[in-house]
Amino acid sequence: MQSENNLDESLQLREVQELQGHTDTVWAVAWNPVTGIGGAPSMLASCSGDKTVRIWENTPTPNTTSPSWACKAVLEETHTRTVRSCAWSPNGKLLATASFDATTAIWENVGGDFECIASLEGHENEVKSVSWSASGMLLATCGRDKSVWIWEVQPGNEFECVSVLQGHTQDVKMVQWHPNLDILVSASYDNSIKVWAEDGDGDDWACMQTLGNSVSGHTSTVWSVSFNSSGDRMVSCSDDLTLMVWDTSINPAERSGNGGPWKHLCTISGYHDRTIFSVHWSS
């Protein structure tokens, strides 16, 4: 068994490079999922309170062991307020950016040049989060207006809203798709996580389960959720200073007699003394 000292050493993080360029708070970063493979340079996007999105790429540097990161593009003059969230499509060709200006922009990467090909409107005010489904055919957004919107990708890079989900009673902080299925979860200021899926006839979406305080859930704002790679476990973090791990052994789209398949597995507490804003499973 690995000793605690060895474990600590193996988990030490070393700063490789500080990326500078944004002039206000950086709210989110997202790795392009198809880069950094087979010799292709890694690419990530960052979004900021300065109303811009920056695209960063690392390339080999002669006579050094660490590649150097550089800003390859600045996506600007589209959003008029803070850009709060960004997410790449599974094929890495499209980037969605959600803004406090109540819009979500879709950017296409064409030979390294990024063009805004769509602006999704509908939310009443700030859009807080955006997420692509595993198939790349669905996009979810959520906002301060307490709603979750599901958009379907149409031919010609058109986007159609196929459902507006009204279930939360407060600001919705984050949306996240299941890694393998068209199942969506949302986290909210109302202290709950909701699990959404298409209903039986496939014409609309419905809430399959609510994970709240009544089911050993969080007692304050839920800020972030993340699935493991197989999708049978989910972790959430909250203003209540805890992480909670949820487990399912069946298809999370199926209802069960007790209201749903997700069960509270454990609570991790005592490590953070302030709000936990983000959490992410390793791959």
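Side-chain atoms are counted along with the backbone in the values below, which use heavy atoms only and exclude waters and symmetry mates. It should be emphasised that the depicted structure is a prediction, and the values quoted were computed from it without experimental measurement.
Residues I183 and V195 have side chains in contact (heavy-atom distance under 4.5 Å, counting atoms from C-beta outward). Using a 4.5 Å heavy-atom threshold, the side chains of K51 and T78 count as separate.
Two different hydrophobic clusters hold M244 and V235 under the rule that ILVMFWY side chains link at heavy-atom gaps under 4.5 Å. When the side chains of ILVMFWY residues are joined at heavy-atom separations under 4.5 Å, either directly or via intervening members, M174 and I193 end up in a single hydrophobic cluster. Residues V29 and V83 fall into different hydrophobic clusters, defined by Ile, Leu, Val, Met, Phe, Trp and Tyr side chains chained together at heavy-atom separations under 4.5 Å. Residues M43 and V53 share a hydrophobic cluster, clusters being chains of Ile/Leu/Val/Met/Phe/Trp/Tyr side chains in contact below 4.5 Å.
Every side chain to side chain contact (heavy atoms under 4.5 Å, CB included) that V164 has, sequence neighbours left out, goes to S147, W149, C161, Q166. Partners of L138 under the side chain to side chain contact (heavy atoms under 4.5 Å, CB included) rule, at least two apart in sequence or in another chain, are S133, I150, E152, W177, D182, W205. Partners of N180 by side chain to side chain contact (heavy atoms under 4.5 Å, CB included), not counting sequence neighbours, listed by chain and number: H178.
For the pair S85 and C47, the tightest heavy-atom approach, listed with the atom from each and the gap, is N-SG, 3.6 Å. When all heavy atoms of P41 and N58 are compared, the closest pair comes out as CB-O, 3.0 Å. Across every non-hydrogen atom of L184 and V148, the tightest pair is CD2-CG1, 3.7 Å. Considering all non-hydrogen atoms of both residues, S135 and P90 come closest at C-CG, 4.5 Å. Of all heavy-atom pairs between D145 and N125, the closest is N-OD1, 3.2 Å. Minimum heavy-atom separation, S46 to V26: CB-CG1, 4.2 Å.
Ion pairing between a basic and an acidic side chain is recognised when a charged N comes within 4.0 Å of a carboxylate O; D171 and K128 show such pairing. Between E126 and R81 there is a salt bridge, with a side-chain nitrogen of the basic residue lying less than 4.0 Å from a carboxylate oxygen of the acidic one. Residues K263 and D247 are not paired through a salt bridge, judged by the lack of any N-O separation under 4.0 Å between the basic side chain and the carboxylate.
The closest donor-acceptor contact from the side chain of T141 to the backbone of V130 lies at 3.5 Å or more, if one exists at all. A donor-acceptor pair under 3.5 Å is formed between the side chain of S129 and the backbone N or O of V175. Using a distance-only test at 3.5 Å, with no hydrogens or angles considered, a donor-acceptor pair links the side chain of S226 to the main chain of W281.
Remark: E76 CD is packed, more than 12 non-hydrogen atoms of other residues, nucleotides or ligands lying under 6.0 Å away. Around CD of E77, the count of heavy atoms belonging to other residues, nucleotides or ligands within 6.0 Å does not exceed 12.
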- prompt: Going through the distances and angles, do S186 and W196 end up as a side chain to side chain donor-acceptor pair (under 3.5 Å)?
  reply: CA-CA 8 Å; S186 56; W196 309 87; 2.9 Å; yes
task: Could you walk me through whether D24 and S48 pass side chain to side chain donor-acceptor pair (under 3.5 Å), step by step?
output: CA-CA 6 Å; D24 204 333; S48 169; 5.6 Å; no
task: Apply side chain to side chain donor-acceptor pair (under 3.5 Å) to the pair T248 and D232, showing each step before the final yes or no.
output: CA-CA 5 Å; T248 184; D232 60 354; over 6 Å; no
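In this structure, CG on D240 lies 9.0 Å from CG on N213, to the nearest 0.5 angstrom.
Ring planes of W27 and F100: tilted class, angle from 30 to 60°. Using cut-offs of 30° and 60° on the angle between ring planes, the pair W262 and F227 is tilted.
A donor-acceptor pair shorter than 3.5 Å can be found between the side chains of T210 and K194.
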